[in-house]
Chemist: 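Below is one structure. I have some questions about it.
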2 protein chains.
Amino acid sequence: MSADVAARRGIPDASVARLPGYLQALTNLAERGISSVSSEELAAAAGVSSAKLRKDLSHLGSYGVRGVGYEVDRLAYEISTALGLTQDWPVAIVGMGNLGRALAAYSGFTTRGFNVIALLDRDEAIVGAPVGDRTVRPMGDLDALVRDDRLAIGVIATPADSAQDVADRLVEAGVRSILNFAPCVLDVPDDVMVRKVDMSTELQILAFHEQRRTGELDLGRTADVGEVAL
Amino acid sequence: MSADVAARRGIPDASVARLPGYLQALTNLAERGISSVSSEELAAAAGVSSAKLRKDLSHLGSYGVRGVGYEVDRLAYEISTALGLTQDWPVAIVGMGNLGRALAAYSGFTTRGFNVIALLDRDEAIVGAPVGDRTVRPMGDLDALVRDDRLAIGVIATPADSAQDVADRLVEAGVRSILNFAPCVLDVPDDVMVRKVDMSTELQILAFHEQRRTGELDLGRTADVGEVAL
DNA sequence: GTGACTTTGTGCATCCCTTCACAAGTGCGT
DNA sequence: ACGCACTTGTGAAGGGATGCACAAAGTCAC
């Protein structure tokens with residue numbers, strides 16, 4: 001019925017963002033030889049509430065069995081399909097500094113669904129150098145990568161001041177999905193999707209809560225609860 | 001009035017998550033010698049809508065001037081204060097693999113508000129080795145770090161299978177803010193805050209949208225727009 | 001075959017966040 | 001001194017996501 005339509009169209013962003021977590025939990029369960037799981041158990045493994053999990057999964061279709069739960073392999077397959085992980089997406093990493101090298105060596109990329117086909121750097125002094133079992137290539141290779149190897153996703157691991165340039169080059173070459181590790185906002189056309197990963201931002205959010213916590217402890221010495229008198 | 005109360009209490013999570021972005025944009029403006037900025041300009045620099053920006057800032061207090069805008073230095077200071085960045089938070093990085101080393105070398109940490117006071121690893125073979133200008137220390141040092149150096153934030157950069165162990169050790173030592181780079185869910189007490197950074201998850205979200213896009217292109221050959229007939 | 005038990009899928013209410021639109025407030029030119 | 005142009009701060013409206021509670025649907029034991 002409309003399950004296929006729902007699968008391709010109306011999945012809320014918030015749900016999509018949680019699907020990778022479910023997939024990970026399912027993979028763990030499969031490795032431990034567990035073949036069936038209830039929404040309650042899977043939700044606990046993924047760190048969400050069971051109601052949220054069931055609603056999320058309902059957007060994909062109806063792959064559970066009432067009174068029993070979900071078949072682990074089946075559900076993992078359905079989520080993989082929904083996320084588009086049945087094919088391997090070609091990925092290029094731009095910027096071979098510390099972070100770029102760490103990402104290039106990161107096994108999580110190759111685990112499933114992604115294939116790092118090229119490492120690039122703008123600096124001619126680095127181009128040609130070996131990184132792992134690959135060789136750093138020049139930015140000029142981008143067009144060929146998109147054309148010949150169907151490069152679809154670009155990872156920016158450069159310093160902030162060159163990130164926009166790199167993004168422009170990626171977009172120009174035809175890449176429309178970018179994962180940005182540089183601490184800056186990228187200006188790209190509307191049809192290009194950018195996701196940002198920034199450790200500094202995350203730390204600052206932690207700091208906010210840490211400060212709020214200690215601040216409230218200090219407050220607790222004079223006033224227990226509620227509004228502060230002025 | 002209630003500005004101080006609001007500053008410590010009722011800032012929505014969504015707003016807090018955007019404050020670091022504003023701070024970054026303000027820092028850039030300051031470096032370029034710009035001393036005053038309107039909500040429209042700052043919003044563009046931070047990649048959000050101006051209405052959202054103004055509402056976010058209104059939670060901190062009233063630091064703008066109608067008809068003029070915001071003074072860059074002043075606003076940066078107020079946001080820093082709200083985030084708790086007027087002090088330097090001691091941070092420890094656990095796990096000295098590829099990622100841990102890259103994070104240890106990452107300049108973004110030390111930029112402002114954070115101070116990496118220790119690099120730890122569980123593997124005795126790595127303990128004692130130099131990383132940058134620091135020496136890798138054993139997990140047993142955690143208690144002393146919390147007690148003597150007020151360690152408040154722990155960064156987990158280990159493989160997924162040891163992340164939970166490390167988290168337990170951190171919590172046991174008294175750390176209540178954790179930034180987790182390992183691709184797994186951490187089980188911690190309620191009063192411990194965990195934020196997760198996972199490149200694999202981000203890539204999968206990009207893949208979803210990339211797939212949806214190409215899927216719709218294929219669809220476009222037969223049906224232009226709207227519901228698909230069944 | 002039947003009944004008791006388990007678990008999914010989902011309508012509904014609630015909450016939070018975003019967006020809109022404008023009154024209130026400020027500076028500037030005349 | 002006064003009006004004009006501009007921008008902030010905010011109530012109100014709208015949209016989305018979350019949590020609840022339960023009917024629907026299936027299994028298992030006997």
Side-chain angles (χ1 to χ4, degrees), chain A residues 1-7 9-19 21-22 25-26 29 34-72 74-76 78-79 82 205 208, chain B residues 1-7 9-19 21-22 25-26 29 34-72 74-76 78-79 82 190 205:
Chain A
M1 280 276 276
S2 65
D4 292 75
V5 175
R9 298 205 148 246
I11 307 183
D13 286 346
S15 286
V16 173
R18 284 186 292 266
L19 292 181
Y22 303 153
L26 287 167
L29 291 172
I34 297 170
S35 61
S36 177
V37 69
S38 71
S39 65
E40 202 72 48
E41 294 164 334
L42 181 55
V48 301
S49 74
S50 64
K52 204 186 285 187
L53 171 71
R54 288 200 301 276
K55 184 145 297 200
D56 285 343
L57 294 184
S58 75
H59 291 123
L60 306 182
S62 188
Y63 301 122
V65 178
R66 294 170 194 238
V68 176
Y70 302 90
E71 192 194 343
V72 172
R74 173 77 193 286
L75 188 55
E78 295 297 344
I79 294 178
I205 296 170
F208 170 82
Chain B
M1 279 276 276
S2 64
D4 291 55
V5 175
R9 298 206 147 245
I11 307 181
D13 287 345
S15 286
V16 173
R18 283 186 294 266
L19 292 181
Y22 304 152
L26 287 167
L29 291 173
I34 297 170
S35 62
S36 178
V37 69
S38 72
S39 65
E40 202 72 48
E41 294 163 334
L42 182 55
V48 301
S49 74
S50 65
K52 204 186 284 188
L53 170 71
R54 287 200 302 277
K55 181 140 298 205
D56 285 343
L57 294 184
S58 76
H59 291 122
L60 306 182
S62 187
Y63 301 122
V65 178
R66 293 171 193 239
V68 177
Y70 301 88
E71 191 195 342
V72 171
R74 172 77 194 287
L75 188 55
E78 295 297 345
I79 294 178
D190 287 343
I205 296 171

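So you know, we letter chains A, B, ... as the sequences are listed, proteins then strands, and number each from 1.
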Chemist: Are side-chain heavy atoms of A/Ser58 and A/Arg54 found at a separation under 4.5 Å?
Modeler: no
Chemist: So do B/Asp56 and B/Val48 actually touch side chain to side chain, heavy atoms under 4.5 Å?
Modeler: no
Chemist: For the residue pair B/Pro12 and B/His59, establish whether any side-chain heavy-atom pair is separated by less than 4.5 Å.
Modeler: yes
Chemist: Are A/Phe208 and B/Ile11 side-chain neighbours, meaning at least one heavy-atom pair lies under 4.5 Å?
Modeler: yes
Chemist: Evaluate the side-chain proximity of A/Leu19 to A/Leu60: yes if any heavy-atom separation is below 4.5 Å, no if none is.
Modeler: yes
Chemist: With respect to the phosphate group of D/dT7, does any side-chain polar atom (N or O) of B/Ser38 fall under 4.0 Å of OP1 or OP2?
Modeler: no
Chemist: Is the distance from OP1 or OP2 of D/dT7 to the nearest side-chain N or O of B/Ser39 less than 4.0 Å?
Modeler: no
Chemist: Do A/Leu42 and A/Leu75 have side chains that approach each other closer than 4.5 Å (heavy atoms only, starting at C-beta)?
Modeler: yes
Chemist: I'd like the 5' and 3' limits of the part of DNA chain C contacted by chain B, with heavy-atom contacts below 4.0 Å.
Modeler: C/dC17 to C/dG27
Chemist: Measure the distance from NE2 on B/His59 to P on D/dT8 and round it to the nearest whole Å.
Modeler: 16 Å
Chemist: Atom CG of B/Asp13 to atom P of D/dT18: distance rounded to whole Å?
Modeler: 13 Å
Chemist: With sequence neighbours excluded, what pairs up with B/Ser36 under the side chain to side chain donor-acceptor pair (under 3.5 Å) test?
Modeler: none
Chemist: Hey, does B/Ser49 reach any base, or is it just sugar-phosphate, or nothing, if we go heavy atoms under 4.0 Å?
Modeler: sugar-phosphate
Chemist: Polar atom pairs between nucleotides 9-15 of chain D and protein, under 3.5 Å, N or O only, would you list them?
Modeler:
residue, atom, partner, partner atom, Å
D/dG9, OP1, B/Ser62, OG, 2.9
D/dG9, OP1, B/Tyr63, N, 3.4
D/dG9, OP1, B/Gly64, N, 2.9
D/dG9, OP2, B/Tyr70, OH, 2.6
D/dG9, O4', B/Arg66, NH2, 3.1
D/dG9, N7, B/Arg54, NE, 2.9
D/dG9, O6, B/Arg54, NH2, 3.2
D/dG11, O6, B/Lys55, NZ, 3.3
D/dA12, N6, B/Lys55, NZ, 3.3

Chemist: How about B/Leu57 and B/Ile79: do any of their side-chain heavy atoms sit closer than 4.5 Å?
Modeler: yes
